[in-house]
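One structure is given here, and the rest of the page talks about it.
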Amino acid sequence: RQLLAFGRAPADEAVPVDLGEFLRASVAMLPRLLGSPIKLQIEAAAACRVLAAPAGLEQIILNLAVNARDAMPAGGTLRLVVSATDGEVELTATDTGVGMDEDTRARIFEPFFTTKNTGTGLGLATVRELVTRFGGTIAVESALGRGATFILRFPRISSEVGPVRGRSRRAPEVAEHALRRVLLVEDDRLVRRSSTRLLEREGFEVIAVADGEEALAFLASAPEVACVVSDVSMPRMDGETLARELAVRRPDLPVLLVSGNHEPTPPVPGGPRRGFLDKPFDGVKLRAAIEALLQG
């Protein structure tokens, strides 16, 4: 179910939803999910309307609650707050759990990354995907031993906005965001992290995975991605092999290969769009290479 939710929009249409009322309606199910050692606190302001699919909002709240529960094995407090400004509705989820170090915090939204023995690594990745679909943003503040706070912000809508059906139900901000979404494939953790930051500073949304096999598993559910940026030298499946697989499975998807010790493979005339960038590179060169590839 998480893979399907991660790869395509929720089944029901996006409609105006008062997020405060929606959260209060979730009170009945959350204590059973959290268990008795965890205390639940909810604060919800009025008139906090957003445009979203109720099934998607429910999954966001449930995944945040499960993540908080797992961070508090000995018990604690989960505080959910909905508030609003003139242009935004904010949902914060604060737990008193074990917290995260900087390396973990930087990777928690990566698909398949997990610190749990039984985790799928898709819970928070799914949350970010759904938040983005509804035109929102998500951030996290945390430190070891000090719990964590997830901050979700959505565009606030007026009462005149009606449901949006079919593929057009996504807000304009989401459609624009999808055009800037990059799948980064890099096996070296430090390089993956630095490349993610470079891309984010240049205005791209980044989904980072560790090798070609993870990239294919992610793309199998057909999420909207503008292009793939992949290292060439990787274990299990290298970048060239990944590019060949994508030429068959997703010929519409541009691929930018990056390497410091390989020569570029000439693109096939009339074939899928492929580019090559030498390492090392800075954010300006990386953005230029991606935009040139996207423009064909």
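Contact annotation: the side chain of Ile290 approaches that of Cys227 to within less than 4.5 Å [non-hydrogen atoms, C-beta and beyond]. Side-chain contact between Arg181 and Glu129 is present, with heavy atoms from C-beta onward closer than 4.5 Å. Considering only heavy atoms from C-beta on, Val284 stays 4.5 Å or farther from Leu286 through its side chain. In this structure the side chain of Thr85 never reaches within 4.5 angstrom of the side chain of Arg156, judged on heavy atoms. Within the 4.5 Å cutoff, the side chain of Val131 has heavy atoms near those of the Ile60 side chain. Val228 is listed as a side-chain neighbour of Leu219, based on a closest heavy-atom distance under 4.5 Å.
Scanning for side-chain contact (heavy atoms from CB on, under 4.5 Å) contacts around Lys39 gives Gln41, Thr77, with sequence neighbours left out. For Thr94, the side chain to side chain donor-acceptor pair (under 3.5 Å) partners are Thr149, not counting sequence neighbours. Legend: residues meeting side chain to side chain donor-acceptor pair (under 3.5 Å) with Glu43, ordered by chain and number and at least two apart, are Arg79. Annotation: salt bridge (charged side-chain N to carboxylate O under 4.0 Å, His left out) contacts of Arg197 (sequence neighbours excluded): Glu102. Every residue two or more places apart in sequence or in another chain that forms a side-chain contact (heavy atoms from CB on, under 4.5 Å) with Asp252 is listed here: Arg250. Residues passing the side-chain contact (heavy atoms from CB on, under 4.5 Å) test with Arg146 are Ala143, sequence neighbours excluded. Residues passing the side-chain contact (heavy atoms from CB on, under 4.5 Å) test with Glu90 are Ser83, Thr92, Ile151, Arg153, sequence neighbours excluded. Shown here are the side chain to side chain donor-acceptor pair (under 3.5 Å) partners of Asp95, two or more places apart in sequence or in another chain: there are none. Shown here are the salt bridge (charged side-chain N to carboxylate O under 4.0 Å, His left out) partners of Asp187, two or more places apart in sequence or in another chain: there are none. Not a single side chain to side chain donor-acceptor pair (under 3.5 Å) links Lys285 to another residue, sequence neighbours left out. With sequence neighbours excluded, no residue forms a salt bridge (charged side-chain N to carboxylate O under 4.0 Å, His left out) with Glu58. Among residues two or more places apart in sequence or in another chain, the salt bridge (charged side-chain N to carboxylate O under 4.0 Å, His left out) test is passed with Arg244 by none.
To the nearest 0.5 Å, atom CG of residue Leu91 and atom CD1 of residue Ile61 are 6.5 Å apart. Atom-to-atom distance recorded for Asp231:CG and Glu240:CD is 11.0 Å, nearest 0.5 angstrom. Rounded to the nearest 0.5 Å, atoms CG (Leu23) and CG (Leu57) are 10.0 Å apart. To the nearest 0.5 Å, atoms OG1 (Thr132) and CD1 (Ile138) are separated by 8.5 Å. With rounding to the nearest 0.5 angstrom, the CG atom of Leu242 is 5.0 Å from the OG atom of Ser230. From Leu294, atom CG reaches atom CZ of Arg273 across 6.5 Å, with rounding to the nearest 0.5 Å.
Listed here is the closest heavy atom pair of Ile38 and Gly75: CG1-CA, 4.1 Å. Shortest non-hydrogen contact noted between Ala93 and Leu80 is CB-CD2, 3.4 Å. Thr96 approaches Gly76 most closely through the heavy-atom pair OG1-CA, 3.4 Å. Taking both residues in full, the closest heavy atoms of Leu293 and Leu256 are given as CD2-N, 3.7 Å, listed atom of the first, atom of the second, then distance. Scanning all heavy atoms of the two residues, the minimum distance from Phe276 to Asp278 falls at CE2-OD1, 3.3 Å. Shortest non-hydrogen contact noted between Ala47 and Ala84 is O-CB, 4.5 Å.
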Does the side-chain contact (heavy atoms from CB on, under 4.5 Å) test come out yes or no for Val17 and Val15, once each step is laid out? CA-CA 6 Å; Val17 178; Val15 296; 3.8 Å; yes
Assess the residue pair Leu152 and Leu64 against the criterion (side-chain contact (heavy atoms from CB on, under 4.5 Å)); give the C-alpha distance rounded to whole Å, side-chain angles, the decisive distance to 0.1 Å, and a yes or no. CA-CA 11 Å; Leu152 289 63; Leu64 289 175; 4.1 Å; yes
CA sep, side-chain torsions, deciding dist, call: Asp211, Arg236, salt bridge (Lys or Arg N to Asp or Glu O under 4.0 Å): CA-CA 7 Å; Asp211 58 40; Arg236 295 209 303 175; 2.8 Å; yes
Apply side-chain contact (heavy atoms from CB on, under 4.5 Å) to the pair Leu78 and Leu34, showing each step before the final yes or no. CA-CA 9 Å; Leu78 171 62; Leu34 294 170; 4.0 Å; yes
Val258 and Val229: side-chain contact (heavy atoms from CB on, under 4.5 Å), yes or no, with the steps? CA-CA 7 Å; Val258 298; Val229 177; 4.2 Å; yes
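With Glu214 contributing its side chain and Ala210 its backbone, the two residues share a donor-acceptor pair below 3.5 Å. Remark: the backbone N or O of Ala44 is paired with a side-chain donor or acceptor of Arg24 at under 3.5 angstrom.
With Glu186 as reference, Lys279 is the one residue of Lys279, Arg192, Arg193 to meet the salt bridge (Lys or Arg N to Asp or Glu O under 4.0 Å) rule. Considering Leu184, Val185, Leu216 as possible partners of Val209, the one that fulfils the side-chain contact (heavy atoms from CB on, under 4.5 Å) test is Val185.
Residues Phe204 and Val191 do not share a hydrophobic cluster, defined by chaining ILVMFWY side chains whose heavy atoms lie under 4.5 Å apart. No chain of hydrophobic side-chain contacts below 4.5 Å, direct or via other Ile, Leu, Val, Met, Phe, Trp or Tyr residues, connects Val98 to Met72. A single hydrophobic cluster is not seen to contain both Val81 and Phe22; linkage of ILVMFWY side chains at heavy-atom distances under 4.5 Å, directly or through other members, places them apart.
Looking at Arg128 and Glu110, no side-chain N of the basic residue comes within less than 4.0 Å of a carboxylate O on the acidic one, giving no salt bridge.
Ring planes of Phe154 and Phe134: tilted class, angle from 30 to 60°.
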